[in-house]
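Down below is the structure, laid out as structure tokens.
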Amino acid sequence: MKILRSGIALIQDRGRLGYQAFGMGTAGACDQYAYRMGNLLVGNEHGEASLECILMGPTIEFEEDTVVAITGGNFSATLNGVEMGNWCSYRVNSGDTLEFGGVISGRMGYIAVAGGIDVPLVMGSRSTYVRAKIGGLDGRNLKNGDRLSIGGGNLLTAGRQLDDRYIPTYETDTTVRVVLGPQDDAFTEKGIDTFLNSPYQVTNSCDRMGYRLQGDAIEHIKGADIISDGIPLGAVQVVGDNQPIIMLADRQTTGGYTKIATLVTADIPKVTQSPLDSIIRFKSICVSEAYMSYRQYEEQFKNLRWPEEQA
Amino acid sequence: MYDEPRFLPAGDRALIMELGDAIEEKCNNAIRSVVEAVEAQNIEGIEEAVPTYRSILFYYDPLVMDFYGITSTLKKLYDQLDVTSGTTGPTLVIPVLYGGEAGPDLGFVASHAHLSEDEVVTLHSSRDYLIYMIGFTPGFTYLGGMDDKIATPRLERPREHIPAGSVGIASKQTGIYPIDSPGGWQLIGLTPLKLYDPNREPPILPSVGEHIRFKPITKEEFDAIKVKVDEGAYQPTIIKVGEPA
């Protein structure tokens, strides 16, 4: 396929796992739910690479017959000028044009194609990690005129539609579940109480690395510095200005600021899709409740049934 | 170093095993020993280990083993372990242009320490630092053993852009930024060397367990080395164990 206009798009998959001990971040799709559902809609079951678009989708001319699905944020996709729905798969013919318009909801959109986008694996992943200049296409965002090849996929997966109960709604005031820790003991009781009971607003300092929020100051006992340790995906880091930053796919592997809590896997996409100025609230749950949420999250991907498979 | 390891939850897919709360060689050796043992035993459910100065972040699959299962397995492994093993490697010499535009925070570090800028440079460059961990970004070395006199807190608000090669101080730590990135360290100098280069073999220059020595250079020396580095012709100075400095 040919990229006529790039928008802001880059190649991502589940991420580069196993190299964080060398300081190599995972990268990977910021909204793993939308990324994985997109793949399943086009029949990909092996972590194939998709395009992640941040607020501005690309214009693509297809140079082969394939199947495509748009998931995540809704950026008014059209195929040859005809409106496309998110969360369903379409048959696409060579010469067809996929285009995007204004943002209707969310922040990160995914374009999955049958067979996945075919770029070389770097350390086991096709994910673009721009800061380290690796993965995807030369470790960079797509640009006008780029050509991407597509792995051979199954054209019979066209016409799949995700059941309504699996389609997330992106709210501008959303509550996410967290497990307190690893450094919740670095905060005063008042600090923890403020964190769990105040609204935090999404600022314009948000990217694939992390989302910086703004709200009531979260009080430390002795300050924000710790001896550097590992940063898990979804960690809520509170730096010296007492404001929270939610750490996402392009986060550093380690860091020296206190982490008050960690988001549950299932709720990370809610943050990813929150637009500028929207509100995020934090709700504390215990580790065993978090496991239940994870089990439910993973089961969603296994329970899908498609019309063509029922014949 | 603690008598017993602490286990801290980090969401539904990760936990932290903490062996201490200070930068000390003994604790860092223990961390390396635990990671080696976990890798050798191939514990079911553990997907990835990120070792640091004094803790290990484990990613795991909670559908295979939960927090309590993982922590009891790790506790048992720790109790049976000899945590005193640990070897050290050669010294990599890093030429650094200190102060000025190359190190915009050198003045702050000096006034915080009630020293002159030259005294900070002398203290910073007069000892070898053990590479305790690599993290943050590809090839970012965390070095132990800096003189307490020049310890300086991190910036209250991290910078959004720090150029590759910047040498910084954060509390009692010192290190080098291998790629352009945001960060909160006090910047005292700049090296023309590339610690990370994806097109070079190996892409990451230093390794855990080796030492680093900073060597002050002039602007002219910096420019000359940079030309060689860009041509791929620069050979870094490496002092082998037992060789005179």
Side-chain angles (χ1 to χ4, degrees), chain A residues 17-26 122 129 131-134 139 177-185 205 209 223-235 239-241 245 252-257 259 261-266 286-295 297-298, chain B residues 8-16 18 20-23 35 47-59 62-63 66-68 133-142 153-158 160 170-173 175 178-185 196 198-199 203-204 207-208:
Chain A
L17 308 177
Y19 297 90
Q20 292 181 80
F22 306 100
M24 183 60 75
T26 60
V122 180
Y129 185 26
R131 283 195 172 83
K133 300 187 178 79
I134 62 165
R177 293 164 291 179
V178 297
V179 178
L180 286 177
Q183 280 96 34
D184 50 321
D185 60 358
S205 289
M209 196 169 188
D225 287 10
I226 56 166
I227 294 174
S228 290
D229 78 343
I231 304 178
L233 179 62
V239 298
D241 64 2
I245 304 174
Q252 319 85 297
T253 58
T254 61
Y257 294 106
K259 297 170 288 293
T262 313
L263 266 72
V264 301
T265 304
C286 67
V287 176
S288 46
E289 288 172 310
Y291 288 152
M292 272 170 50
S293 78
Y294 184 72
R295 192 176 293 274
Y297 170 78
E298 281 296 324
Chain B
L8 312 171
D12 53 14
R13 287 191 45 75
L15 63 86
I16 286 175
E18 199 176 85
D21 194 22
I23 300 171
V35 170
E47 294 175 339
E48 188 161 1
V50 188
T52 66
Y53 285 114
R54 44 87 190 209
S55 69
I56 307 162
L57 170 62
F58 286 106
Y59 288 90
L63 302 182
D66 67 10
F67 183 83
Y68 306 98
M133 58 178 267
I134 294 183
F136 180 58
T137 56
F140 189 101
T141 53
Y142 287 81
R154 284 181 178 76
L155 300 174
E156 284 213 346
R157 230 183 132 77
E160 298 206 353
S171 302
K172 293 180 184 177
Q173 307 168 79
I179 58 174
D180 294 349
S181 61
W185 291 36
Y196 168 75
N199 303 315
I204 292 166
S207 322
V208 170

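Everything numeric in this text was worked out from a predicted model, so none of it was measured. Below, each value reflects all heavy atoms present in this structure, side chains not excepted, and no hydrogens, waters or symmetry copies. Throughout, protein chains are lettered first and strands after them, A, B, ... in sequence-line order, and every chain is numbered starting at 1.
Chain A forms more heavy-atom pairs under 4.5 Å with one residue of B/Phe67, B/Phe140, B/Tyr53, B/Tyr59 than with any other, namely B/Tyr59. Here B/Pro9 is the residue among B/Pro158, B/Ser55, B/Gly139, B/Pro9 with the most heavy-atom pairs under 4.5 Å with chain A. When each of B/Leu15, B/Thr137, B/Leu155 is checked for heavy-atom pairs under 4.5 Å with chain A, B/Thr137 comes out on top. The most heavy-atom pairs under 4.5 Å with chain A, out of B/Asp180, B/Asp66, B/Thr141, B/Ile23, come from B/Asp66. Taking A/Ala21, A/Gly25, A/Gly181 one by one and counting their heavy-atom pairs under 4.5 Å with chain B, the maximum is reached by A/Ala21.
Not one N or O on the side chain of A/Gln20 forms a donor-acceptor pair closer than 3.5 Å with the backbone of B/Glu48. A/Asp241 contributes no side-chain N or O that, together with a main-chain N or O of B/Arg157, makes up a donor-acceptor pair within less than 3.5 Å. Under a 3.5 Å cut-off, the side chain of B/Arg54 and the backbone N or O of A/Ile227 do form a donor-acceptor pair.
Heavy atoms of A/Asp185 lying under 4.5 Å from chain B belong exclusively to its side chain. Contact annotation for A/Leu17: both backbone and side-chain heavy atoms come within less than 4.5 Å of a heavy atom of chain B. Neither the backbone nor the side chain of B/Ile56 comes within contact range of chain A; no heavy atom of the residue lies under 4.5 Å from a heavy atom of that chain. Contacts of A/Ile231 with chain B are made by backbone atoms alone, with heavy-atom separations under 4.5 Å and no side-chain atom involved. Interface remark: A/Ser293 contributes side-chain atoms only to the contact with chain B (heavy atom separation under 4.5 Å). Residue A/Val287 touches chain B through its side chain alone, counting heavy-atom pairs closer than 4.5 Å. Proximity to chain B involves both the backbone and the side chain of A/Ala132, based on heavy atoms less than 4.5 angstrom apart. In this structure, the portion of B/Ala14 lying under 4.5 Å from any heavy atom of chain A is its side chain and not its backbone.
Between B/Gln173 and A/Ile226, the shortest heavy-atom contact is NE2-O, 4.5 Å. Minimum heavy-atom separation, B/Val50 to A/Thr253: CG1-O, 4.3 Å. Counting all heavy atoms, side chain and backbone alike, B/Thr52 lies closest to A/Asp229 at CG2-CA, 3.5 Å. Of all the heavy atoms in B/Leu8 and A/Pro182, the pair that sits closest is CD1-O, 3.6 Å. Nearest heavy-atom pair across A/Ser228 and B/Tyr142 is OG-CE2, 3.2 Å.
Heavy atoms of other residues, nucleotides or ligands lying less than 6.0 angstrom from CD of A/Glu289 number more than 12. Atom OH of A/Tyr291 is surrounded by more than 12 heavy atoms from other residues, nucleotides or ligands within 6.0 Å.
Counting heavy atoms from C-beta outward, B/Leu57 and A/Pro232 have side chains that approach closer than 4.5 Å. Residues A/Ser205 and B/Glu160 have side chains in contact (heavy-atom distance under 4.5 Å, counting atoms from C-beta outward). Using a 4.5 Å heavy-atom cutoff, the side chains of A/Leu233 and B/Arg13 are not in contact. At a threshold of 4.5 Å between non-hydrogen side-chain atoms, the residues B/Tyr196 and A/Lys133 do not count as touching. Side-chain contact between B/Ser181 and A/Met209: absent, with no pair of heavy atoms (C-beta onward) separated by less than 4.5 Å. You'll find the side chain of A/Arg131 reaches within 4.5 Å of the side chain of B/Pro182, heavy atoms only.
In terms of the ring pair (Phe, Tyr, Trp, His ring centres under 6.0 Å) criterion, A/Tyr19 has no residue partners (sequence neighbours excluded).
Between the side chains of A/Thr265 and B/Asp12, at least one donor N or O sits under 3.5 Å from an acceptor N or O.
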